[in-house]
Amino acid sequence: MELTDVKGIGAKTAEKLNKLGIYTPRDAVYFYPKFYWDMTKETDLDSIESGDYVLLKGYLTSVSGLIRAKRGLSFCTATLNTQGKKNKLTWFNSPFVVSLIKQSGEFLFWGKARLNGKKIEMSNPSFEKAEENKRLQGIVPIYPLKDAVGQQTFRNIVKACLDNITIPSRLDAYCDISLDKALRTVHDPIDMEQTKLARRRIAIEELVYQIIAYRIIKNNSANLKPYPYNRDFEDIQEHIAALPYKLTDSQDKAIREIIDDLKGAKHTNRMLMGDVGSGKTVVALLSCLFAKKCGKQSAIMAPTEILARQHYKTALTLFGDSLRAALLTSSTSAADKKAVIAALSKGELDLIVGTHAVLNDKVKFNNLGFIVIDELHRFGVRQKSKLEDKALGVDTLVMSATPIPRALALSIYGDLDMSQLQPREGTGDNISTFVMGDDRLKGLYKFINERVSYGEQAYIVCPLVEDSEGLEVFSAKTLYKQLVKKELAELNVGLVYGSMKDKDKSEIMSRFYAGEIDVLIATSVIEVGIDSQRASVMAVLNSDRFGLAALHQLRGRVGRNPQIKSYCFLHTSKQEENERLNALQNNRDGLKIAEIDADMRGYGDFLGVNQSGGSGKIGVFVNKKLIEECKDIADGIMQEGDIYTQYDEMLSKYLDLLQGVSLN
Ligand code: ADP
Ligand code: MG
């Protein structure tokens with residue numbers, strides 16, 4: 001069914017929806033709200049934090065007339081008396097409001113609250129007479145629409161789509177709520193408690209198929225005879241000896257384990273875990289070199305272009321012609337791409353390093369045998385299975401600096417083998433971590449000025465790229481504008497975020513490496529792989545919005561040079577988050593941090609299931625219990641049989657489903 005088959009959706013609207021990745025009514029239904037406006041009850045004044053959306057009920061006094069300020073600006077004000085307190089309301093450039101607020105009687109107000117001392121202030125709140133109460137009521141879903149279509153329009157579209165389709169699920173027999181009902185609830189909730197249950201039901205759908213898809217992929221590999229890798233560790237010894245450094249014991253051990261796997265009777269399915277800087281790349285490259293010696297091509301996939309480029313460079317530097325490598329990313333020119341693909345298919349290349357461009361259907365290998373996936377959890381599962389599909393029965397090494405709690409890894413990947421790299425001597429143990437509140441931001445910027453004057457560099461990480469309605473958190477763009485004018489006006493400041501063009505991103509990064517940029521304001525794009533020896537300050541603003549594992553990763557961006565003392569500042573406006581953040585202050589072991597994080601917040605982050613959902617109040621807590629439940633359902637479904645005949649349908653449904661998973 002096409003979008004335009006739905007009543008009320010014309011070609012123009014359909015085109016706008018396409019921009020959001022919505023091509024069918026089903027896609028629209030899988031496009032979830034980012035958060036909700038809960039107007040079911042009056043907000044308790046004492047519970048309000050700056051930036052919250054609130055519903056207040058009360059009487060107005062001190063109503064002003066229209067006040068004209070300069071340059072066409074006008075406003076009017078009133079005092080709202082509610083819950084025994086007086087609060088200030090202001091409407092800018094809304095002359096029509098003046099006569100409305102002069103009416104007597106009780107009003108309802110809805111809008112963003114700002115705390116000024118103990119008092120609440122609101123600008124341009126929506127309002128209506130309390131006795132009428134037609135608009136300001138119920139729960140209103142707010143979608144991440146990026147201005148493609150209006151919120152109300154989208155709500156109508158989803159309603160119309162839901163009227164046209166039902167979403168059957170084989171899992172319904174195992175769950176309290178049907179998937180169909182859950183999806184309807186998410187878009188049109190009656191109370192917040194129900195939304196929570198609905199989201200949990202959707203998470204189950206996701207997780208179960210994720211688990212089943214992995215099992216299927218794995219079983220398929222199991223039926224294929226593994227390739228006989230017929231060389232030995234000794235055959236790469238000379239290359240190891242020629243490295244510019246001596247391998248650490250754990251690197252040596254990991255390579256031997258991988259080679260044993262490759263030579264073994266089963267397919268290789270190993271995870272190489274090691275904190276940032278522990279030296280995973282060389283282990284991966286030596287494994288590729290081994291595969292080459294045995295007559296197989298390899299692929300290394302990185303989640304970002306920057307990382308892919310780094311791996312490619314490392315390959316060239318360390319092994320030159322011994323490992324014929326090429327880079328393939330979305331910004332490779334068409335001509336280069338063609339040449340690389342041709343060389344690859346003729347077997348003139350031993351290794352291809354790339355981003356998801358490697359998944360492109362046009363890329364044909366001559367003899368692919370070994371795949372390395374760096375930072376696995378940052379890939380969508382859709383990409384992962386596409387890659388593994390590409391060569392069923394290939395041997396796989398996944399690498400992660402984000403330690404994935406073992407319980408989770410085992411649940412998702414089955415009996416995955418693990419190698420663990422220990423941190424190298426002298427890395428990371430010279431970083432001091434501080435949790436700080438709003439009152440110390442000024443001091444932070446001063447401190448950064450000071451460190452830069454010593455020739456060091458700093459990162460400032462924000463949770464958002466742009467300001468977002470309803471969220472009072474720092475955004476990289478806005479902070480950049482502020483700091484270059486004021487607090488960091490003397491310094492060279494750069495800005496980098498995920499949705500920038502790869503080319504621009506790379507340029508900013510090279511300028512940072514070259515020392516032309518002192519301070520990099522960024523989003524969490526810099527979480528992996530970035531490596532500047534001179535960076536000594538990592539400041540994460542609104543750090544409570546990140547998982548501990550992600551923060552640990554970010555912290556790993558500094559302290560790369562044992563000679564320079566480094567600092568990690570974790571800013572938060574929420575005192576209640578201090579305990580969680582303090583866990584970082586007291587811990588350096590990534591795996592331990594990941595376990596603590598999983599206990600406190602669940603596994604959502606590791607699975608790409610966005611659990612915070614904007615307001616942080618509607619998330620799904622993906623924890624051990626939920627995963628166990630999903631495994632049981634997966635067992636049940638697989639026992640029902642029909643898995644293989646339904647393979648395509650199920651997998652594609654599951655992949656379809658994942659399209660809608662990301663709530664951002
Ligand atoms: P990660 O595990 O974070 O991917 P990398 O592979 O990028 O780490 O390695 C980080 C840095 O450590 C690189 O500059 C690399 O050259 C260096 N390195 C790796 N192994 C060793 C070693 N055994 N001795 C000294 N330096 C090493
Ligand atoms: Mg790495």
Side-chain angles (χ1 to χ4, degrees), residues 236-237 239-258 270-289 298-320 323 325 327 351 353-355 371-379 397-404 418-431 509 513 524-535 538 549-550 552-564 566 588-591 593-594:
I236 56 166
Q237 275 285 23
H239 296 283
I240 294 176
L243 289 172
Y245 43 72
K246 189 173 175 308
L247 291 181
T248 62
D249 290 347
S250 58
Q251 282 173 322
D252 183 88
K253 181 158 174 260
I255 293 167
R256 287 172 192 271
E257 284 168 344
I258 295 164
R270 181 170 286 272
M271 174 173 282
L272 176 62
M273 244 165 38
D275 248 337
V276 281
S278 58
K280 294 184 290 294
T281 316
V282 68
V283 173
L285 289 172
L286 282 166
S287 311
C288 296
L289 189 65
S298 306
I300 298 184
M301 269 185 72
T304 66
E305 168 133 14
I306 300 174
L307 273 180
R309 211 172 277 281
Q310 266 179 24
H311 290 332
Y312 171 67
K313 273 196 198 140
T314 308
L316 290 189
T317 319
L318 293 183
F319 301 112
L323 189 64
L327 180 70
L351 169 66
V353 185
T355 53
I371 291 179
V372 181
I373 309 177
D374 196 8
E375 292 302 335
L376 171 90
H377 77 286
R378 301 195 115 222
F379 285 94
L397 177 70
V398 298
M399 305 202 289
S400 182
T402 307
I404 298 176
M418 294 214 197
S419 298
Q420 172 105 35
L421 296 187
Q422 301 306 319
R424 287 185 297 113
E425 293 275 310
T427 52
D429 40 21
N430 58 342
I431 309 174
M509 290 319 301
Y513 290 142
S524 58
V525 280
I526 61 159
E527 193 182 307
V528 285
I530 306 306
D531 186 3
S532 172
Q533 296 280 321
R534 270 184 293 162
M538 167 59 68
H552 177 63
Q553 284 264 48
L554 286 168
R555 176 168 64 182
R557 302 292 111 227
V558 296
R560 313 287 288 196
N561 180 344
Q563 317 301 338
I564 301 180
S566 291
R588 290 224 41 84
D589 176 356
L591 194 53
I593 289 169

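Numbering of ligands and ligand atoms starts at 1, following listing order.
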Enumerate the protein residues lying less than 4.0 Å from ligand 1, judged by heavy-atom distances, in chain and residue-number order.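 Contacts of ligand 1 under 4.0 Å: Tyr245, Lys246, Leu247, Thr248, Gln251, Asp275, Val276, Gly277, Ser278, Gly279, Lys280, Thr281, Arg424.
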With a 3.5 Å distance limit and no angle check, can you tell me whether Gln251 reaches the backbone of Gly279 through a side-chain donor-acceptor pair?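 Such a contact is found between Gln251 side chain and Gly279 backbone.
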Output yes when a side-chain donor or acceptor of Lys280 lies under 3.5 Å from a complementary backbone atom of Leu272, and no otherwise. no
Can you list the residues that meet the salt bridge (charged side-chain N to carboxylate O under 4.0 Å, His left out) rule with Lys253, with sequence neighbours excluded?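 Glu257.
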From Leu318 atom CG to Leu243 atom CG, the distance as rounded to the nearest 0.5 Å: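 Rounded to the nearest 0.5 Å, the CG-CG separation comes out at 6.0 Å.
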Hey, could you give me the CD/CE distance between Gln310 and Met509, rounded to the nearest 0.5 Å? 8.5 Å
Please determine, by modelled atom types, if Ser532 and Arg560 share a side-chain donor-acceptor pair under 3.5 angstrom.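 No donor-acceptor contact under 3.5 Å links the two side chains.
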